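One structure below.
If you read the sequence from its start, that first residue is 1, and numbering goes on from there. Counting convention: from 1, in listed order, for ligands and their atoms alike. Computed from a predicted model, the values in this text were never measured in an experiment.
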Amino acid sequence: MCIVYKRLVKMAEGESVKVAVRVRPFNSREKQMNAKLCIRMEGATTYINDIDGGDEEKFFTFDYSYWSYDGFDDVDGYLTPSNDHYADQKKVFDDVGVGIRDNSWNGFNCSLFAYGQTGSGKSYSIIGYGKNKGVVPLYCEDLFIKMAELQQENPDNQYQVQFAMLEIYNESVFDLLAGNRKALKIRQSKQRGFFVQGLEKTPVGSYKEIEDRMAEGTANRTVAATKMNATSSRAHTVVELTLTQKIKTGGANMTKTSVVNLVDLAGSERAASTGATGATLKQGAAINKSLSALGNVIAALAAASEGKKKVIVPFRDSSLTMILKNALGGNSKTVMIAALSPASVNYEETLSTLRFADRAKQIKTKATVNESPTDKLIRELKEENDKLKKMLEGGVIDQSMVKDEDEEDISDEEVQARLQALMDENNAEKASMEQEWKEKLEEAQKAIEALKAEQSRKQEMMTTTPHIMNLNDDEQLCGMIVFFFEDGSENKVGAKGAEPPNEIELSGLEIETSHCTISHSNGKLLMVVTDEAKVYVNGEYVSGKLELMHGDRLLLGANNMFTVVNPGERETAEKAGITYHKFTYHDAMAEIQNLGSGDDAQKGEELLQQDIAELGPMIGEVNAMSCAMDKKVKFDIVVMPEEGKRRRTAMVSMFSYLTSCSYLLSREEFISRKYKMEEMYQQFVEGDETWKSVPSSEDPFVEDENKETTIGTVSISLKSLGYLFEQEQTLTITNYQGAQKGELRVEYYPVKEDGSIITEEDDIFVDDPDSLVGQPLRFILKIPYARGVPKRFENVFCRYRYFLDTDYTTTGHVTGQNPEFNFSQSHSCVPVTDQFIDYLEKQSLVIEVVGTQIPVPVKPGDERTTKQLMASNFSVNQTPIALMDPEKQMMMSELESTKRRAKKQQNKLIKVQELIDAAKNEQSETISVVDLQRILESNADSMGIAVAGLLAALKFKSRK
Ligand SMILES: Nc1ncnc2c1ncn2[C@@H]1O[C@H](COP(=O)(O)OP(=O)(O)OP(=O)(O)O)[C@@H](O)[C@H]1O
């Protein structure tokens, strides 16, 4: 039988993507750096100010602009508004979360995604921290409360929530709930659009269970991140919640399914190049294909929504855009939260986030209610039946509704009979579907019970059994990996593949097959470290046997960091009134760098220490990667004086064993390069050989041979200028390791308005530099030459930044060991300000001597691996090589020059002595003053001033 009926699907009106932006408070790093606020908000409008660059203020209007920068009190851990301006988590949920909740109950697909640079507050808004729960937990809690209420009101209705969690990393899709990490395929079907084949959906019965599943997913993510040595902020995480409602309406059942996608995107800076300083590396660009593809998709959709024709939306370009196609391109109600940093240092990144959000708000989606096809059919049949009944009652029968087109007219009885048959068929189908539903539900219930039991067992063990749990750079990944030690157990720890298998299998850099053993006996934990395995306990490199105590920090290999939890010990300590400090990953890493907390150190010094603590483990990782792939490169942390400031800054040196060239990378350049290395390393781990054929111009382990390198620096104090004195100095060029790389002649002379040098005759005296304030000050800086520059550099030049200059002043390029720069430049400060006097007093002019390196190829026959090469000069503890402050460097440099001068004088005096000795021999042990005078005079040119005084004295004596 063929039923002809009209489709009754209601299509919602095209609806824009809802866009909210949110600005967070300064973080501690920004506070320490005295960051400047560059965002303000009025109503729904966000303004951004280019404080450092001076571009005009820009503004953008969104559905919501959330001010979370200030105006709050910490009440018991919850950040509570102290004025109307501040948007707390509740406000965000009320605006954004409630909409998602209502839409999902109405059967619409919904998507919420968070965009923004790393650390801008994406996770805070989506997931939240501690009591400040984000949209996801609040939505889920609300979902289950409402579900319980509805269930009570209508016991016949059935509701189910399923949970799935996936990760997109380097274009591969991984099910975070699957036991094994295997990349899944994205497929496309007419009905479902793009979908991830084989993605596991787990039924969940409460928010607690969702939390547990999320924790499980996050733990799997942590293990994978440790193994691949990747930072979490590089992956996109998608949580997918499917809400199915089986509702009895009248006689029919209605099943509504809505999928809610919660997407935590990778840090947006990964989409673009990282080095904001202009020293951008090509390797740093477009690292995350998915994120750049998302930008293109959004731009195309925005253009299409503006009515542009022939827009092709490149959904197929990346895994992320395929998965989000529904959310962005069609059947979904979509919300985006763009997270903003308030600090002017992040201006460029924040502006690009605002632009991205601005484009996103132009996108229109069309969401339809998702009914199950069977239910829809039943409902539509019922509607048809009602219609037919009405027709029957009214005596008008449209027979075409129940007969085939080519069939003859049929009797009213036949119409009724067919109708009845149809109803019976529907009822039978309904019953079978209900049975199937019931069975599925029972199955789900059992699975939930089993999980609950497992969970409570774990919970119990956490409070009774000693264990270690992981510490991670990303707060959300801490405590995700837990290994328990049962009493009487001996647990071998090491990489996979040991025979018999290790009880605790770890993956990651520098994990040995047999790394260590941890045994538990009567509340005591004993660790035995295998020879040569890398283990740090509380910052100390350890070997052999030792007892582990509650609160200890363990670093196994390069990046598996754990903290020891011994509930028995903790309890005893707590009874005695002792509370343990909660160590973060950074504390633990800083401890390994042996840096201490630096409570009373200067602010700049603290920042430096933070940078070193951050870079230290990264250096360990990249060196281990270099060894694993035999890249013949070694990295080290170096500490450089920051130009113009009495501050030091951490940088990274990259030394190539192939060319003996070393290059300096800024922290940003290095981090951006490291992402690329991780990508390469991932291919290596996965046995994908593409990394071997990467051209050297794109290889993060290779540096451009023509890159300019700092040979060394000299620091010269400009203090004398404050007294209008000149200065002429020959200063030692010191490289970052404190080694001398030649000498540089630097001179400066205060000058008058006409450019002539101020001399004593001018009779201008300044007792107090402050008296110069308001007056003009001009001087000439000369860099005549350098001496003894290492042979392996060519195209040598000097550069420096004077006072507030942002650009370098540069000398000409000269090749040779004794380059003559003949450089002279006039500088001024008109009028002199307090700030300038401060600059003269407290800072020094750092002159960098720069050149390009001439590669020295490896000796033929040297086939040592990177590991062997590093072992020959590699220290386990990556303590920075040179920790010299500019002042000390200046003093050292002066001292070195003096020493050299002294040495020369000494040589000359030795020569004089020799001559005298020779004369003595001739003159049988005595020498007349006249003869001595003659000897000295005939050698005076080569002896210089040292003997001039002596000669004068002799002349005086002989005259007498
Ligand atoms: N609105 C806010 N109010 C108070 N603190 C916030 C807010 N947003 C973020 N923070 C804090 O800023 C820090 C960074 O935030 P968060 O971890 O959410 O950033 P993210 O963008 O998710 O970073 P990543 O990309 O590394 O995951 C956290 O310590 C968080 O507590």
Practice task
Ignoring hydrogens and angles, tell me if any N or O in the side chain of D73 forms a donor-acceptor pair with the backbone of V75 under 3.5 Å.
Solution key: no
Just let me know how [X] lines up against ligand 1, side chain, backbone, both or neither, with a heavy-atom cut-off below 4.0 Å.
| X | answer |
| --- | --- |
| R22 | side chain |
| L79 | side chain |
| P25 | side chain |
| Y124 | both |

Practice task
Give yes if a backbone or side-chain nitrogen or oxygen of Y129 is under 3.5 Å from a nitrogen or oxygen of ligand 1, and no if not.
Solution key: yes
Practice task
Please confirm whether V23 comes within less than 3.5 Å of ligand 1 when only nitrogen or oxygen atoms on both sides are compared.
Solution key: no
Handout entry: Identity of the nearest option to atom 22 (O) of ligand 1, non-hydrogen atoms only, from G119, S123, S28
Key = S123
Problem - Sub-4.0 Å heavy-atom approach of Q117 to ligand 1 - result: yes
Practice task
Could you establish whether S120 and ligand 1 come within less than 4.0 Å of each other, counting only heavy atoms on the residue side?
Solution key: yes
Practice task
May I ask you to check whether Y78 and D88 show a side-chain donor-acceptor distance below 3.5 Å?
Solution key: yes
Exercise for the section: Report, as yes or no, whether the 6.0 Å neighbourhood of atom CG on D84 holds more than 12 heavy atoms from other residues, nucleotides or ligands. Expected result: no
Practice task
Assess whether salt bridge (charged side-chain N to carboxylate O under 4.0 Å, His left out) is satisfied between K674 and E679, documenting all intermediate values.
Solution key: CA-CA 9 Å; K674 182 171 171 267; E679 237 148 69; over 6 Å; no
Handout entry: The single option from S125, S120, S65 passing side chain to side chain contact (heavy atoms under 4.5 Å, CB included) against R22
Key = S125
Practice task
Report the C-alpha distance between E42 and R40 in whole Å, list the side-chain angles of each, state the deciding distance to 0.1 Å, and finish with yes or no for salt bridge (charged side-chain N to carboxylate O under 4.0 Å, His left out).
Solution key: CA-CA 7 Å; E42 275 173 31; R40 68 185 179 94; 2.7 Å; yes
Fill in the blank from the handout: So the atoms of ligand 1 within less than 4.0 Å of a heavy atom of S68 turn out to be 1 (N)
Handout entry: Residues which pass salt bridge (Lys or Arg N to Asp or Glu O under 4.0 Å) with D175, listed by chain and number, not counting sequence neighbours
Key = none
